[in-house]
Every structure is written in structure tokens, then in C-alpha cells.
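Worth knowing before you read on, the calculation uses all heavy atoms, side chains too, and leaves out hydrogens, waters and symmetry mates. The sequence lines fix the lettering, A, B, ..., with proteins before strands; numbering per chain opens at 1.
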Protein chains: 2
Amino acid sequence: MTAPNRSTLWGRILVDELASGGLEAVCIAPGSRSTPLTVAFAEHPDVEVYSHLDERSAAYFALGRARRTGEPTALVCTSGTAAANFHPAILEADRARVPLLALTADRPPELRDSGANQTADQVKLYGDAVRWYADLPEPEADERKGRSLRTTAARALAQTVGVPPGPVHLNCPFRKPLEPIDVPGSVPEAFSETLAGSGREKAFVETEKGRVVPSDEAIRSLATALEGANRPLIVAGPADPADLCALDPDRIVAVAERVGAPVLADPLSGLRFGPHVADSGDSTGAATVVGGYDAYVSELPEPDLVVRFGASPTSKSLRHALRDADAAQTLIDPAGAWREATFTATDLLVASPDAVFERLLAELADSPDGSADPDRDGWIETVSEAERRHWAVRDDATTDEALAEDPFEGAILASVLEHAPEPATVFVSNSMPIRDADRFGRPNDSKLSVIGNRGVSGIDGITSTALGAGSATDEPLVLVTGDLAFYHDANGLLAVDRCGVDATIVLLDNDGGGIFHNLPIEAFDPPFTEQFKTPHGLEFEDLTALYDLEFDHVDPVDFADAYRRSLERDGTQVLSVAFDSERSHRRRDALEERVREELDTE
Amino acid sequence: MTAPNRSTLWGRILVDELASGGLEAVCIAPGSRSTPLTVAFAEHPDVEVYSHLDERSAAYFALGRARRTGEPTALVCTSGTAAANFHPAILEADRARVPLLALTADRPPELRDSGANQTADQVKLYGDAVRWYADLPEPEADERKGRSLRTTAARALAQTVGVPPGPVHLNCPFRKPLEPIDVPGSVPEAFSETLAGSGREKAFVETEKGRVVPSDEAIRSLATALEGANRPLIVAGPADPADLCALDPDRIVAVAERVGAPVLADPLSGLRFGPHVADSGDSTGAATVVGGYDAYVSELPEPDLVVRFGASPTSKSLRHALRDADAAQTLIDPAGAWREATFTATDLLVASPDAVFERLLAELADSPDGSADPDRDGWIETVSEAERRHWAVRDDATTDEALAEDPFEGAILASVLEHAPEPATVFVSNSMPIRDADRFGRPNDSKLSVIGNRGVSGIDGITSTALGAGSATDEPLVLVTGDLAFYHDANGLLAVDRCGVDATIVLLDNDGGGIFHNLPIEAFDPPFTEQFKTPHGLEFEDLTALYDLEFDHVDPVDFADAYRRSLERDGTQVLSVAFDSERSHRRRDALEERVREELDTE
């Protein structure tokens, strides 16, 4: 089928090549200049189109989907400020290594900086935050240009899942007519089917992706170091989306057990929850995968060898303990980036974590078995005991009686993660929810995908990212968010209906920025209340009415029941649990103090 | 008073110099890294602090304030995605020449790209959209560095109101402690009072601003051309904020009358409304200031000389008529930018419009009076007659009977502008409202400041921009917006209470993007409805409940009364008027057709 004009042709070629390359979803905000892209996506049978009305929310929705799947998601917007609204999500995608493909429509080159309407400078709009930027050539029915377009599309898609994955920006100038109206002579009848046609057997450009593997020497050396260490630690930080999908937890646990190294599993590492968590945290077995370390790591003996992968851990006390330890620290990172901001890492192993553990396991299997007691020094037992005591303290604090007397936000995170259905996607917001998930989310054997936006840790776009993640699977979706984040991306709730995603939204409403109670600024009021805590008094039931969502005020003591009921129901429910953030903060401190006392009194 | 530590010192010096330089207002979003700036602003007696929770809305609020006053407004945010949320408003400020000063807090340099939390690459985050970018040095109690900071602050402020005015970005790294807690030795007791002290008589750096004036030759030449032309036109496009404040309308009208040139006054030019509009549009006098040209300019004889200033006119038919006219066209622009995207301007006069008209008037006063009939060729009468017929058609279409039968959105814009209190600030959203204001807003002698976001013409940030404009004066504020724009910046409504701004918000609710009915895509459904018109079915009464605003559904026929009542009441009311956008579109076309017929049948 010949395209009616060049703009339509261009949109079709671009979208067809992206679809051939495996692109499965696109988020589109309405606009005129982007018409050729929108029409081509809407026509294409293999790409799911999600329509959004706020470009900022659209970009975060796409980010969430790509984060959950590890696969690229595309974005389309019109020219002007629309494109700048993608910027926050692009920054998050950059730092968190999420494959996003931003397609921004633009005016033709001669109209840039000409005073033409709705025309901004979109060239390299996102600076160095993207893996690749290209300005598409102007649409034309030219064979060579068409090949270049196919190649550019394939390359852009490949770059989103390169090393490291991340955002790519194609700026797409179009001139009128933008609609699929017939312009005689614009596209000759004879224009090559190969270029313009869709539905071919294979992509115009087939892309095969390699992976970064470690050398045999590096593996031997690391295996030797692990076997020789007395107090080795494996630290799994927040996972890159690609690793969240590729890493084999059983293999990591097998390596850990073989060398006697506890795995300190960040709640976002993909390792804290799942079938591989065998008997962690119970009162009898030794824990390989531990999660309570934020409360007790400062009380442990120093590790003498640390192997780290993923991003920098959520736990500040863990980061400080690693900084202060007199230990060799190996970072594993396929991109060679130094995601360790205390600058105490001693070795950088540039390779994929999954490749490293696959080969480590093979190497260790080959080495003389039983050459050393895996728990030399009683290291595993020491960590396990601290873990047990931490969870005992937490359990004491989360009984109905304790909660009735001393409600605190951490109890909700504990409950969310303990009673989540299996499988489920649990999205945890920044600020206090992720810190509470870290502290109070006990490792369990449920198949949970726990994700957050820890690339840049903004509180913008949380709802949209969660709903985007939810759109990627048939699993139940749970979002835990604070009131400021819920307000910030209120527009994101439109996707519940518009994109057909259901969620259980747990809203921890402490009327402002509770996290500031953790900081010294608390002592300076003013400006503490007005400029930092910023209580707003918003009654979110009105907001949820706008989007036809169910809303319930839930008492902390009743939360587990309300949560279970919501998960059994269709549709989206917001469970709002009110807290006094100052009191929650004091409670957190008191519980940390109790764990320390417990460990001291041994 | 010695600062307790370097970060506090740095914040204080920066803010004090900005305040000395005349900065009067800042919009701050809460965050930790920005604590030194926030604390310094909150302490300073001369700067008004507006606290916002969504950085995108904060930036647009600041934009609105700066646009209304022509004076710089500052912005403060924490590190990370927060800063990217300023980007849309920065693009608008760039193109619309609005003085904004973005102060983005950042981590210290060694933490950039280190994997540290909440750390993005903020260096030159807004690319070429800012007039000036600087990375502040790290805080230190060093005399030379302190002088550099004072100078940078003064320079940044001056650049926002340079030629042309626009946004400036200072990226501000701070290290802990960020709060004003005492760090012995961090700032020596003896550290210069001149540098650190506040409340001095004059600024550390005094800035005097020149203006760009035309040469005598250029003025003589332009005056001669205007006097010699048979059908001269003065085209006033959307005004730069600086001109909106500086231009003397009486002077422009005096020049226009002296040379017999109708002034085609864009609704955003600052010239369509005001005491200088004497007898324009009544049925007897000749109109100097005309506003109905969008409907009839294609029917007029071609002008033979065009003098233009301000941005590109809102009216597409005017832009096309100017493109197609065989006329000399002089653009007046102090920045020498070529804001004329049809590339048919023949002369560029690099000077401030106010300076040009001041000198033109003097030059014309000196030239032999009565040397020519100011209305050679009956030009003024031809334009006046077209103007009269256009408004007669509009008046026919906006009687109660006509509206009961054929309601259309343009009637609301007509009413808003006709019955606005005096003085008032009227903010008109993009997409259809500004086009309808252009077409149906008859020139009148009320002191109205009619403004919009026509730099990049986004529909994001409209509510916040309007409320920011409203914060700048004690005048009543009217916002006319569509439902998509109202949804897009729903968060902006928080400023009604939080920043204490009242408004009458006229919501033209046609459930989606009515503007797409104007475009050929209307004929392609799908994807027209789902991807372009995007009806959402939102019931905005729920949204206004969230913000405790009054909400009324108003019938088009009752609008004028409801509008008057709202203007008499305190508080913020949303007057929601429902329309069928397709029908409004057909009605617009029919009215345009009627004006053309009227002119043809003469």
C-alpha cells in the first residue's frame, strides 16, 4: 500500500521498523505535529497504544512499563513544551538504566527559532541524559533516506537496551500535510515495497545483542578471594531492569552458600523476595538472604570482602558501614560505571552480574569441595542472629496491640510485603516508603517484583510509573505512596481508566513531607513547617472521586484486612492510612535503638 | 551576624544580593539539598516566598508573575528530577522573553555521576534555552569567592532582563550540613561584613540597564515610508512582558492616526484593550485600533507597508495575509530576532518598540503637517467598515436568542473581555480560547492586562501561570481555559489557597481537544476520537472540591450574569460552561463566512 504522502510514509516506516525490532508499546499524548507518528502507531497491529493527556505522566507510565519488563517502551509527543515534560522521566531512565525511546515531533528545520508557533529548540533537548540522539531527516520518498530511517529506528531501539540501557531521543521533523491525506506525486507508486511495506518476515535490520562477560582470570581471582575471606558479604543493590529480568536468584544464593556470604538484599534488588528465599529470617535456620541490615549493620563485625552489584543500596547505614569497612570491595557493573559514592570500592569488574554469577558458580563447583568451612568465624550465624532479633523486634512492634498504641508507617510496608498476593508487582514510592520497605520488609518466598524509582529518586511521576509497570503483566499491582507523591502525580490516575490498569493504592497520608523530620532542619521552625514539611490538608477522597476510584480511610490496625479485601476485588482502591509523621519518625528511631540494645545485651 | 556554616553563608550572600538587586518574589518547592537557599529566602524580609509542591507548577507560577510584571521571579528546587520539572516553563520563558531565575540545588561536584542518590546531570540542564548558565563554586568563607558569588548573583539577575529578557540558570552545589547548624571554624568570625552582611544601603553590585534605541536615520526613513504609504498597517503581535509594561499605547495610536495606519492589535499585544481605544468599533467613528481582522483580513486590499512588533500574531489569516502581501515589512525587535516565520519581512529594525514609537512621534511632529491626507485611498475607512461588519455579525450571534439556539465558545470569550472589571488581569489559555479571544474579543477602553503563554503555546502550566500573574497585583484575575489545559495543570490549583490568589476561572469544557476539529485529522476516525480529540469524561467538580473552590455549571445564555456575580464575590469560583466542540467549530466557520458575505455584498 503506497502512503498518501511523505509524512505518512515516514511515520509508517519508522513505526514498522520499531515494531519489527520488537517494540511492543507506546505512550502517546495528543498533538497535531506528531500526527504522522500517532496515525502510524494507531494503525500498527503489533504495538499497544496507551493514550495520555499529560506528557509528564505519559513518560513516567512508559518508564514504569519498561522498568517492569526490561523492554523498550516508546513515547510520542507534539512539538514544544510537551517534549520538555518528558524530561523528568528521561533523567530517571538515564540513571536507572530503563529503555525508553522518546519520539518528539518537531517543526521542519527552517521554522526553528523563526518565531513560528509552538516551536522550541528540541535539538539535544535532554542533553547527555540520553544514550543516543538523532534528528531525523525530512520525510521524502527517497530510497537512501528511507534506508537511513529504517537503520536509525533499529539502532535507536538497540541503543535503549545497550550497555547500559537507557533513554534514546529521536527528534522527528514533519511538514504539512501531517494527516494521511492524498498528495499526488508526494510518494511515487513505485516506491520500494521493501522500504515502505510492513509485515515482512524479518526486520529490515536484525539486531543481536551481546552481553558483557568476565574473563576466566577475573572469575578465578574473585572465587579465590571469596573462598579465602572470613567475613564476605554479597551486597545486591537496586537492580537494573535488565538484571531484574535476567538474574537467576538461585545461582546467587548457591554461590553465597558455597562461600559463606550473607546476601544483603535491597528491597529493589529482586533478591529479597522470591522462592529462593528459603528459610531466611526464621528462628532456626541460618539466613543467606537478609533484609533487616539497615537496623543492625553498624553493630556487625566488619566484612573483609564485599562483592556488590546493582545501584547504590537504599540503606544509608549499609552505605556507611561499607564505606568504613577495611575490606576489599568489588563492584560488578556491565557498564563500568562507578555507582559507589563513598569511593571506597577497590575493584571494578566490568561484566553482567548474571554472567559473573553463572561463571562463579561453575568455578566454585570445580574447586576442591569442603576446602574451608563456609561459616568460618561464625560469620553467617552472627548475621543471622542479628537478622532474627531485628525481625522479632519488628514483630513485637506490629502486633495489633502495639499498633493500636504506637502506629507507625513501617508497619504498613511490612504488611504490604508480607500479605502481597503471588505473583504481584509492588511499586514503592520514594522518600519514606522505600526506606520503610527496606527496614521493615522481611525477606519472604513470594514471587514479588518490588520496584521503585531509585535512579534519581524523585517523588514526581510515582503513580504513573506504578501504573505503567502494572500495564505490563496480568499480576495484581500494589502501589505504596506518600501524600506528596500522590499529589505530585495526581494526573497519573487518569491512566487507571484510560489505560485499563487496576491497582491497590496504599496511601500513607501524613499531610506533608514526613522525611524532613529525619533531618536537622526539623529544629528550625520557621521555616520548617511552611517550607519543608508543607502540610497541605488535602482530602484525597475528592481526587479519587474525579477518577471514579474507591477510597477508604483505614486504621493502621485494620490495614491487613482492608488490604486483603482490596486485593480480592476488581477495580482500583485507594487505602488511605493517616499517620503523624513526627511520631512515625520517633517510633523508627526507638525500634532501631531496641535492636541495638538486643544485640548489645547478648 | 556570622553565618553558622558555609552553606548557610552561601545561601545568605546569594539571596541578599538578589534582593538588593530588586528580586521581589521566589517560588520554592520543598527539598533537602536546597535548604541553604530556602532558609535564606525565608529569612529575607524583602522577598516574598511562594511555596509550591509540584515544581512544574511552581515554575509556571513564577513565569506568570514575571510575565505580568516584567520583573524577574526566582525559582528554587532540590536536586534531581525536580529541576527537570522546571524545563517546560523555562522553554516558554525563553521564547516569550520572560525573566526567570532558576536556582537548582545540586550535590557537590564529586558526587555527580557517582551513583549517589537523587543526583542527575544538572549542568546546562536547559541547554540553549537560558540566557546564561553558571555553576556556583562550592561554598567557602573566602573573600574572592564571596565577591564572585555577589557578582554572579547580580549578573544573573541582570541577564534575566537583558536583551532579550529570559530565563537564567544557576546550578548551586551544597554539601552538608545544609541546615543553619553551627560548625565551628566553618566561617571565621572576621569574615567580611561587606560580603556576608545584609541590609546595606545599596547593592554590592549596582546594575543600570540601557535600552536599544534606533538611529535618527532609521527613524527618518521609517517616518518617510509611513507617510508615503497608501495602505500602511501597524501590526502589534503578542507583547514581550517588558514591552507590555513599557509601551505607551497613546503614542502608538498617535503615530497610527498621523500616518493613517490601522493598528491590528493582537489580544495579547497590550493594545487591544485600554483607555487609548477611543471609539474603535462603534458604528460612526473610524477605527484606529482594530481586533476583528482574523475574520476579514483576507478580504482587504493588500497593505503596501507593514510595521510589526511583538511576537508573531495569533491570527493565522493575518500571518497568511502578510505573507501574501506585496509590501515592505519592517520588524521592530530589540533583540534582532526574526520572529516572522513566513520569511517575507524586508527590514529589521533592531530597537525597542517603545523607543521607536517615541522617536517616530517626535519625527512626525516635526515634519510638515497635513502634507498628505492621512486616509489616502480610503484605507482607514475600508478597514473600519470591515471591522464594523464583523462586530455586527458577532453581536447578532451573541444575543440571548442566538446563543440559546447556537451556543459557541467564542461568545464566552467575547463576554469575558467585554464585562471584565477595570482594571483586571485576564489570562487566556492556548488552543481554542486564545483563538476565540482573537476573533471575538472586541477592542474596548477597559484597562485590561490580557496575557497568555504564546512563547511555545503549550497547554501545560496554564492555571499556574494565571495564578502567578494574579499574585503580582491586587487586580481581579480571570482565567479562561479549556478542559485539557485545566486537567494538565490541575496541581496548579493548590496555589489558590497556598499562595493566596483568588480567581474567576472560566472553564470551557468540551470534553477533549476541540481544536482537532479544525484540522484535517477530523476526517480520520479512528484514530481521531481516541488519539486526538481524547474525550475523558472528567467531572471537574470533584477536582475543585479537592481544593475547596466553588464550582458552577453555567449555561452559555446565563454566562454574563454568572460571570458578573463571580467577580463580585471573594474567593475562587470555577464557572464551567459545557460545549460541543464540533458544533462550536462549525459555528465559527459559519460566522466567518457571514462576515465575508457581508463584505462582498457591499
Side-chain angles (χ1 to χ4, degrees), chain A residues 28 30 32 35 38-39 42 51 53-54 56 80-82 84-85 87-88 91-92 95 111 114-118 120-121 124-125 127-129 177 179-181 311-312 338-341 456-458 460 484 487-488 490-491 513 519-521 524 526-527 530-532 534 536 538 542-543 545-546, chain B residues 28 30 32 35 38-39 42 51 53-54 56 80-82 84-85 87-88 91-92 95 111 114-118 120-121 124-125 127-129 177 179-181 311-312 338-341 456-458 460 484 487-488 490-491 513 519-521 524 526-527 530-532 534 536 538 542-543 545-546:
Chain A
I28 299 182
S32 174
T35 297
T38 302
V39 168
S51 169
L53 305 185
D54 177 338
R56 181 173 68 182
T81 55
N85 277 285
H87 204 165
L91 290 189
E92 173 65 19
R95 294 290 91 187
L111 290 184
S114 70
N117 191 33
Q118 212 173 318
D121 180 1
K124 303 203 171 184
L125 188 68
D128 292 337
E179 302 81 6
I181 53 186
S312 193
W338 210 259
R339 293 189 292 182
E340 194 286 282
V456 196
S457 302
D460 50 337
L484 284 186
Y487 158 80
H488 212 299
N491 281 358
L519 297 169
I521 194 66
F524 301 88
E530 263 316 288
Q531 302 300 333
F532 292 87
T534 58
H536 46 73
L538 292 173
D542 295 318
L543 178 66
L546 178 65
Chain B
I28 299 183
S32 173
T35 297
T38 301
V39 168
S51 169
L53 305 185
D54 176 339
R56 181 173 68 180
T81 55
N85 277 285
H87 205 166
L91 290 190
E92 173 65 18
R95 295 289 93 188
L111 290 184
S114 71
N117 191 32
Q118 212 173 318
D121 180 1
K124 303 202 171 185
L125 187 68
D128 292 337
E179 302 80 6
I181 53 186
S312 193
W338 211 258
R339 294 189 290 182
E340 194 286 283
V456 197
S457 302
D460 49 336
L484 283 186
Y487 158 80
H488 211 299
N491 281 358
L519 297 169
I521 194 65
F524 301 89
E530 263 316 288
Q531 303 300 334
F532 291 86
T534 57
H536 46 72
L538 293 173
D542 295 318
L543 178 66
L546 178 65

Against chain A, label [X] side chain, backbone, both or neither, depending on which of its atoms sit under 4.5 Å from a heavy atom there.
| X | result |
| --- | --- |
| B:L53 | both |
| B:A84 | both |
| B:A129 | neither |
| B:A311 | neither |

If you take all heavy atoms of [X] and [Y], which pair is closest and at what distance?
| X | Y | value |
| --- | --- | --- |
| B:A341 | A:G115 | CB-C, 4.4 Å |
| A:G80 | B:L91 | O-CD1, 4.1 Å |
| B:V456 | A:A120 | CG1-CB, 4.0 Å |
| B:A490 | A:N491 | CB-OD1, 3.9 Å |
| A:S457 | B:N117 | OG-OD1, 2.5 Å |

Can you tell me which of [options] forms the most heavy-atom pairs within a distance under 4.5 Å of chain A?
| options | result |
| --- | --- |
| B:D121, B:D460, B:L111, B:L484 | B:D460 |
| B:L543, B:D128, B:V39, B:D542 | B:D542 |
| B:A42, B:S32, B:P180, B:S51 | B:P180 |
| B:R95, B:E92, B:K124 | B:R95 |
| B:L538, B:L125, B:N85, B:I28 | B:N85 |
| B:Q531, B:H536, B:H488 | B:H488 |

Is any side-chain heavy atom of B:R56 closer than 4.5 Å to a side-chain heavy atom of A:D54?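 Yes, close enough: below the 4.5 Å cut-off.
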Min side-chain heavy-atom separation B:L546-A:L546 under 4.5 Å: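 No, too far: nothing below the 4.5 Å cut-off.
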With sequence neighbours left out, write down each residue that passes side chain to side chain contact (heavy atoms under 4.5 Å, CB included) with A:E179, or none if nothing qualifies.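 With sequence neighbours excluded, A:E179 shows a side chain to side chain contact (heavy atoms under 4.5 Å, CB included) to A:T35, A:P177, A:I181, B:L519, B:P520, B:I521, B:F524, given in chain and number order.
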Nearest 0.5 Å, what's the OG-CD distance between B:S114 and A:E340?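 Answer rounded to 0.5 Å: 8.5 Å.
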